[in-house]
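Report on the following structure.
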Number of protein chains: 2
Amino acid sequence: MFSKACEYGIKATIYIAVKSMRQERVSLKEIAEEVDSPVAFTAKILQSLAKSGIIDSHKGPTGGFQIDESKIDTIKLHDIVHAIDGDKIFVGCGLGLEQCDASQPCPVHDKFVGIRDNLKIMLENTSLYELATGLEIGLTHLKR
Amino acid sequence: MFSKACEYGIKATIYIAVKSMRQERVSLKEIAEEVDSPVAFTAKILQSLAKSGIIDSHKGPTGGFQIDESKIDTIKLHDIVHAIDGDKIFVGCGLGLEQCDASQPCPVHDKFVGIRDNLKIMLENTSLYELATGLEIGLTHLKR
DNA sequence: TTTATTTAGGATAAATTTGTCCGAAATAAG
DNA sequence: CTTATTTCGGACAAATTTATCCTAAATAAA
């Protein structure tokens, strides 16, 4: 469903959010460890999340990644996925047709649109805040 | 959502079904043309659909592909997707964790499972028959 | 100012998916 | 039996995704 890049990106963002709620910055190294993702690849993903303004990055000693606390409950899963994978999972025909819409649908159009709308709604309604608190209170986990 | 292989496989199967309802066999060449898919790649996919028993293949002149008419409304979208992509889209954690279930969930577990169940139900309830008739009566299309 | 630390970013490599090519096997028809 | 047609299946190639490596740039602290 999600690309590996997205999986890592989501996990990393949630971890950064938890730390940010404690006013702490985290390094790439720590993130990759805690999230069980390849360091260098994670670096690329964090880079694009930083460019999208979802996370803040800072170089040098005491540097690392952090999320503006005020943003944590504004940021939705949708924003993270969109920053990493673009809109390709939200757009386009289920069977790859160039022209496919309600007036000229492919055989699975309606059913496919239904599922995808569900997904989109879910992503738009899931806040980073709820994901981060779930992790912090030990309800969910990011490894294994 | 679906792999390219799945997209081509679904389109091809629907096309074969329409022809089969008219007691006609179709060649790989015709299928690839009508479905707008790469011939050789489509051949591979039809091969695996044939091995799974979803379509019937026959070599030689007058050969080609056909679907047992009695099966057309038994075959579900789920069977086609499963024959081509296996169960990878139905199984596994949304964030790639090895151990992730209701008792030890990842942060997106519940939401992800919800969406995936929807998808699974849709695939299990969509028959090849309805997809093929939709195409035959001109309600849907397979190209462009 | 020097040094150590950390992210940025380009080049490259490995793995997977997508796609092509071609000879072999089956088979229908002359 | 021979020939033409069609799928089968293996090898190979291209494209994309995943992942690594290394140097540069920023920056905090000694």
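Just so you know, these numbers come straight off a predicted model, no measurement behind them. Side-chain atoms are counted along with the backbone in the values below, which use heavy atoms only and exclude waters and symmetry mates. Quick note on labels: first sequence line is chain A, next is B, and so on, each numbered from 1.
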Send over the distance from [X] [atom1] to [N] [atom2], rounded to a whole Å.
X: A:Phe41; N: C:dT7; atom1: CZ; atom2: P; value: 17 Å
X: B:Phe65; N: D:dT5; atom1: CZ; atom2: C1'; value: 13 Å
X: A:Leu28; N: D:dA19; atom1: CG; atom2: P; value: 14 Å
X: B:Ile45; N: D:dG9; atom1: CD1; atom2: P; value: 15 Å
X: B:Lys44; N: C:dC21; atom1: NZ; atom2: P; value: 13 Å
X: A:Lys59; N: C:dT7; atom1: NZ; atom2: P; value: 11 Å
X: B:Leu49; N: D:dC8; atom1: CG; atom2: C1'; value: 15 Å
X: A:Asp85; N: D:dT17; atom1: CG; atom2: P; value: 9 Å

With respect to the side chain of [X], which nucleotide from [options] is positioned closest?
X: B:Ala40; options: C:dT6, D:dT20, C:dT20; value: C:dT20
X: B:Thr62; options: C:dA28, D:dA28, C:dG9; value: C:dA28
X: A:Lys88; options: D:dT17, D:dT27, D:dA19; value: D:dT17

Query raised in the report: Does OP1 or OP2 of C:dG9 have a side-chain N or O of A:Gln47 closer than 4.0 Å?
Result: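 So the side chain of A:Gln47 is within the cut-off, an N or O lying under 4.0 Å from OP1 or OP2 of C:dG9.
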Query raised in the report: Can a side chain N or O of A:Tyr8 be found less than 4.0 Å away from OP1 or OP2 on D:dT18?
Result: no
Query raised in the report: Above 12 or not: heavy atoms from other molecules or residues under 6.0 Å from NZ of A:Lys120?
Result: no
Query raised in the report: Would you say the side chain of A:Lys51 and the base of C:dG9 hold a donor-acceptor pair, judged only by whether the two atoms sit under 3.5 Å apart?
Result: no
Query raised in the report: Between A:Lys19 and A:Glu30, is the closest basic N to carboxylate O distance under 4.0 Å?
Result: yes
Query raised in the report: Less than 6.0 Å separating the ring centroids of A:His58 and A:Phe65?
Result: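 Distance test on ring centres: not under 6.0 Å, no.
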Query - Evaluation steps, side-chain hydrogen bond (donor to acceptor under 3.5 Å, both in side chains), between B:Gln23 and B:Glu69 - result: CA-CA 8 Å; B:Gln23 285 77 42; B:Glu69 227 185 326; 2.7 Å; yes
Requested in this report: Between B:Ser57 and A:Ser3, name the one whose nearest nucleotide on DNA chain D is closer to the 5' end.
Outcome: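 Upstream on the strand: B:Ser57.
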Query - Earlier contact from the 5' end, DNA chain D, for A:His58 and B:Leu46 - result: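 Its nucleotide being nearer the 5' end, the pick is B:Leu46.
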Report task. Decide salt bridge (Lys or Arg N to Asp or Glu O under 4.0 Å) for A:Glu34 and A:Lys11; before the verdict, give the C-alpha distance in whole Å, the side-chain angles of both, and the deciding distance to 0.1 Å. Result -> CA-CA 9 Å; A:Glu34 292 303 317; A:Lys11 292 196 290 183; over 6 Å; no
